[in-house]
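In listed order, ligands and their atoms are each counted from 1. No experiment lies behind these values; they were computed from the predicted model shown.
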Amino acid sequence: MKIIHAKDYADMSRKAANIISAQVILKPDCILGLATGSTPIGAYQQLIKWYEKGDVDFAQVSTYNLDEYRGLSHDDPQSYHFFMRDNFFNHINIDLSRTHVPDGSNTDAAAACAEYDRMVAAAGYPDLQLLGIGNNGHIGFNEPDDHFSAGTHCVDLTESTIEANSRLFDNIDDVPRQAYTMGVQTIMYARMIVIAASGEKKAQAVRDMCFGPVTPSCPASILQLHTNCVVVADEAALSLCPEA
Ligand code: PGA
């Protein structure tokens, strides 16, 4: 793992966006694996600015998102379909037909997950996968467990994830209890992984990811075994790391 030190959220966002934009410049028809949550918003905003300046062109890019809540329609403002359009896709020249998010509106979990796996595999897996990390070390919605997951599957969200995500809902009871997520194995198929982290709430998870044992009790720890994984984290998120 390569750890890139950023000063704060803005610096982390710029550095992550720089890596993503380099990928798009080097391979205009690349496949990006994308993430939702608070962490990548700043990077998306930076990429939008560079797009507006004419520095980066998304016309040929395809995207595959990590996850989606089960049972939400694509137009539900809490869905990750909506999030991606609102925070990124609607502001760049990407062809929406090349953007993919697991189909949370299909409540047949087995069918929805199998279809997503088929699409990601047919595309050849992401050239670059952007990730955030949960306070509990999750990636996508792969929660701490006794094994690493393989393909896209339906998960019961942990109480800590429901609580963390409740800030985005009116009421904690509105947070969906289940989600479809790419599996850890699929994430590991990406040719490059960029995992971004900001803030002291992430410090323990970042330490466990980078310096702890490789264990499904911290799903992000498996990224130690990836041959091209870059951690972009700010001072607060790195504050518990030995070398930080
Ligand atoms: P956050 O979530 O970016 O909203 O902190 C990250 C994650 O849960 O993967």
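Interface of Gly134 with ligand 1, defined as ligand atoms under 4.0 Å from a residue heavy atom, comprises 7 (C), 8 (O), 9 (O). Taking every non-hydrogen atom of Gly132 and a distance limit under 4.0 Å, the qualifying atoms of ligand 1 come out as 9 (O). Residue contact check: Ser38 has heavy atoms under 4.0 Å from atoms 1 (P), 3 (O), 4 (O) of ligand 1. For ligand 1, the atoms sitting less than 4.0 Å from at least one non-hydrogen atom of Gly37 are 3 (O), 4 (O), numbered in the order shown with element in parentheses.
Aromatic ring orientation, Tyr69 versus Phe169: perpendicular (interplanar angle above 60°, classes split at 30° and 60°).
Counting protein heavy atoms only, atom 3 (O) of ligand 1 is closest to Thr39 OG1, 2.4 Å. Protein heavy atom nearest atom 2 (O) of ligand 1, with residue, atom name and distance: Lys202 NZ, 4.1 Å. In terms of protein heavy atoms, atom 6 (C) of ligand 1 is closest to Ile133 O, 3.6 Å. Of the protein's non-hydrogen atoms, the one nearest atom 8 (O) of ligand 1 is His138 NE2, 2.6 Å.
Of the candidates Phe89, Phe88, Tyr51, Tyr44 forms a ring pair (Phe, Tyr, Trp, His ring centres under 6.0 Å) with just one, namely Phe88.
Note that CG of Asp67 is 8.0 Å distant from NE2 of His138, once rounded to the nearest 0.5 Å.
Only the side chain of Arg167 comes within 4.0 Å of ligand 1, counting heavy atoms alone; its backbone N, CA, C and O stay farther away.
More than 12 heavy atoms of other residues, nucleotides or ligands shown are found within 6.0 angstrom of CD on Gln224.
Salt bridge annotation for Glu115-Arg118: present, with a cationic side-chain nitrogen under 4.0 angstrom from a carboxylate oxygen.
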_Walk me through whether His81 and Asp75 qualify under side-chain hydrogen bond (donor to acceptor under 3.5 Å, both in side chains)._
CA-CA 7 Å; His81 278 83; Asp75 292 328; over 6 Å; no
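Looking at Glu143 and Thr161, their side chains do bring a donor and an acceptor atom within 3.5 Å of each other.
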